[in-house]
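Residue numbers start from 1 in every chain, and the chains themselves are labelled A, B, ... in the order their sequence lines are given, proteins ahead of strands. Just so it is clear, the values below take in all heavy atoms, side chains as well, and ignore hydrogens, waters and symmetry mates.
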2 protein chains.
Amino acid sequence: MTNAKVHIALADDHRMFLHALRALLEKEPGIDVVGVAGTGEELLAIAAHKPVDIACMDIGMPAMNGIETTRRLLALRPNIKVIGVSAFSDRQFVLDLLNAGARGYVTKAEAGEELLRAIHTVQLGKTYLCPDVAATVTNALLDNVPRDIATPRITARERQVLQLIAEGHTSVRIAERLHLAASTVEVHRRNIMRKLDLHSVAELTKYAIRNGITTISG
Amino acid sequence: MTNAKVHIALADDHRMFLHALRALLEKEPGIDVVGVAGTGEELLAIAAHKPVDIACMDIGMPAMNGIETTRRLLALRPNIKVIGVSAFSDRQFVLDLLNAGARGYVTKAEAGEELLRAIHTVQLGKTYLCPDVAATVTNALLDNVPRDIATPRITARERQVLQLIAEGHTSVRIAERLHLAASTVEVHRRNIMRKLDLHSVAELTKYAIRNGITTISG
DNA sequence: GCCAGAATACCGGTAAACACGTACGTAAAA
DNA sequence: TTTTACGTACGTGTTTACCGGTATTCTGGC
């Protein structure tokens with residue numbers, strides 16, 4: 001049992017990264033990549049039919065993001081250990097993912113060995129955060145203590161509005177598209193900014209990209 | 001000569017992608033990865049000291065972007081064939097890169113095999129664009145004919161203003177930061193939008209991210 | 001020396017964003 | 001059941017964005 005290979009599933013919407021990462025992990029003797037997925041749904045399907053010990057997933061996927069995918073995955077298979085892989089290291093983002101049950105987080109800026117280290121660490125039942133993320137999180141805990149549970153989460157409607165804002169539409173257009181009054185859209189916009197502590201369309205746009213609410217290639 | 005391995009150098013600011021891609025390419029018998037770089041400068045250094053046939057580089061790198069890197073690389077070693085690898089497929093972006101002398105372009109959304117196909121094609125002296133990029137480019141040529149040479153390039157000052165816009169600053173703040181009149185900043189903003197055919201802060205922000213003018217983790 | 005382009009600056013106008021308030025019905029949660 | 005959160009909608013006001021034109025200065029190229 002101890003010298004059996006660890007079964008790993010990968011998920012990333014960039015197929016080239018997905019395939020490349022598979023090649024990287026397959027070089028490791030103790031690792032067996034049992035499936036790769038381009039979306040959160042595919043990852044759930046893999047976990048439903050194959051033995052998966054560890055899932056490494058991109059967080060910034062469109063449609064279903066990493067946090068939602070993590071929740072559903074753990075509801076389906078509570079023993080799977082989730083490692084978040086992302087280009088970003090938002091404090092709030094990492095905390096959300098850990099709250100969702102993830103056991104590790106590494107950024108794509110780190111070396112490939114960092115992911116292997118994370119895999120080996122969570123395999124032992126521990127939690128692994130790559131250095132800069134760990135620093136961000138501990139700073140957050142030291143600075144703003146009541147950040148643990150007070151996770152501001154936007155509603156589905158707000159998310160919908162945010163997506164259209166990040167696509168460059170005005171409030172009036174968004175109202176037309178959603179069959180709402182323009183004033184309602186502006187309230188949503190205001191609430192989003194208040195909840196997320198963002199203060200411009202530029203920041204809203206970046207947040208939306210980081211969280212997979214919109215794609216950058218729009 | 002014909003059955004010698006092709007020497008490839010890689011460049012990407014995401015080290016994990018860089019290392020994973022190296023693992024993917026090293027599986028190929030005809031390919032020898034002679035160096036990997038995290039920045040454009042490193043890639044130039046590698047090309048200066050090692051034999052490189054093909055360079056696969058990420059376009060959205062901070063500091064020196066892919067287009068500038070391509071220019072300098074080809075000035076240094078005109079025989080190197082450059083393949084652009086990017087998460088995005090901007091029409092203008094691709095055209096700029098091809099004008100700079102690149103021989104291929106594949107997006108990260110494509111499968112890993114797509115990059116291998118690009119490598120084998122440019123090795124034969126041909127140009128390779130992945131399907132969706134090829135469609136975008138041909139559409140651009142069919143739609144707006146005088147797009148070939150009229151490559152709108154923003155000035156250094158405009159780039160500076162764009163960066164601050166994408167960081168979420170207002171025109172007034174940008175003016176203060178750059179010691180300009182607010183009206184001047186607004187003219188720059190206007191010219192940027194006109195040149196790039198963008199019509200909102202959201203679009204400006206995404207363009208800035210795609211082109212490495214600002215980072216998404218701001 | 002002239003011309004084109006860049007960078008600077010100002011004026012005017014419309015539309016939109018942004019901040020603050022109030023209000024109501026419903027649905028979920030305590 | 002009371003409370004809380006959400007989605008809906010309106011009003012008022014200030015700031016900013018966005019589109020148009022004009023003009024001066026400076027620099028680089030022909």
Q: One thing to verify: whether A:Arg72 and A:Glu68 come together as a salt bridge, which I'm taking to mean a side-chain N less than 4.0 angstrom from a carboxylate O.
A: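 Between A:Arg72 and A:Glu68 there is a salt bridge, with a charged N closer than 4.0 Å to a carboxylate O.
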Q: Roughly how many Å is it from CG in A:Leu204 to P in D:dA17, rounded to a whole number?
A: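 Rounding to the nearest Å, CG of A:Leu204 and P of D:dA17 are 14 Å apart.
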Q: Would you say A:Ser183 places a side-chain N or O within less than 4.0 Å of OP1 or OP2 belonging to D:dC10?
A: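 Yes, such a contact exists.
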Q: Rounded to the nearest angstrom, tell me the gap between atom CG in A:Leu164 and atom P in C:dA17.
A: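 One finds 12 Å between P of C:dA17 and CG of A:Leu164, rounded.
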Q: At 4.0 Å (heavy atoms only), tell me whether A:Thr170 reaches a base, stays on the sugar-phosphate, or touches nothing.
A: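 Answer is sugar-phosphate: A:Thr170 comes under 4.0 Å of backbone atoms only.
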Q: In whole angstrom, give the distance that lies between atom CZ of A:Arg159 and atom P of D:dC6.
A: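 Atom-to-atom, A:Arg159 to D:dC6, this comes out as 15 Å.
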Q: Between atom CD1 in B:Ile174 and atom C1' in C:dA7, what is the gap in whole Å?
A: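 Whole-Å distance recorded here is 16 Å.
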Q: What is the distance, rounded to the nearest whole Å, between atom CZ of A:Arg189 and atom P of D:dT16?
A: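 In whole Å, D:dT16 P lies 15 Å from A:Arg189 CZ.
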Q: In Å, rounded to the nearest 0.5 Å, how long is the span from CD1 of A:Ile165 to CZ of A:Arg189?
A: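 Separation between the atoms: 4.0 Å.
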Q: Do the side chains of A:Glu158 and A:Lys195 get close enough for a salt bridge, i.e. N-O under 4.0 angstrom?
A: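 Result for this pair is yes, salt bridge flagged.
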Q: Quick one: A:Glu186 CD to D:dA9 C1', roughly how many Å, whole number?
A: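 Those two atoms, CD and C1', are 12 Å apart.
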Q: Using a strict threshold of under 4.0 Å (side-chain N to carboxylate O), is an ion pair present between B:Glu114 and B:Arg117?
A: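 Yes, charged N to carboxylate O under 4.0 Å.
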Q: For B:Asn191 and D:dA23, give me the distance from atom CG to atom C1', rounded to whole Å.
A: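 It is 15 Å, rounded to the nearest whole Å.
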Q: Identify whether any heavy atom of A:Thr155 sits under 4.0 Å from a base atom; if not, whether one sits that close to sugar-phosphate; answer base, sugar-phosphate or nothing.
A: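 If one applies the 4.0 Å heavy-atom cut-off, A:Thr155 turns out to touch the sugar-phosphate alone, with no base involved.
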Q: Does the base of D:dG21 carry an N or O that pairs as donor and acceptor with the side chain of B:Arg190 under 3.5 Å?
A: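 Check passes, donor-acceptor contact within cut-off.
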Q: Could A:Asp12 and A:Lys108 be called an ion pair, given the rule that one side-chain N must be under 4.0 Å from one carboxylate O?
A: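 The answer is yes: the pair qualifies as a salt bridge.
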Q: Looking at A:His188, does any N or O in its side chain come under 4.0 Å of the phosphate oxygens OP1/OP2 on D:dT8?
A: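 Yes, A:His188 has a side-chain N/O under 4.0 Å of OP1/OP2 on D:dT8.
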Q: Under 3.5 Å, is there an N or O donor on one side and an acceptor on the other linking the side chain of A:Glu158 and the base of D:dC6?
A: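 Side chain to base: no pair present.
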Q: Please classify the nucleic acid contact of B:Val187 as base, sugar-phosphate, or nothing, using heavy-atom distances under 4.0 Å.
A: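 Here B:Val187 touches the bases of the nucleic acid.
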Q: Between B:Ala182 and A:Met193, just flag the one whose closest nucleotide in DNA chain C comes earlier from the 5' side.
A: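 It is B:Ala182 whose nearest nucleotide is closer to the 5' end.
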Q: C:dA16 C1' sits how many Å from A:Glu176 CD, rounded?
A: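 Going from CD in A:Glu176 over to C1' in C:dA16 covers 13 Å.
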Q: NA contact type, A:Thr184, heavy-atom cut-off 4.0 Å: base, sugar-phosphate, or nothing?
A: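 Base, at least one base atom sits under 4.0 Å.
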Q: Does B:Ser171 place a side-chain N or O at less than 4.0 Å from the phosphate oxygens OP1/OP2 of D:dA17?
A: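 Indeed, a polar side-chain atom of B:Ser171 lies that close.
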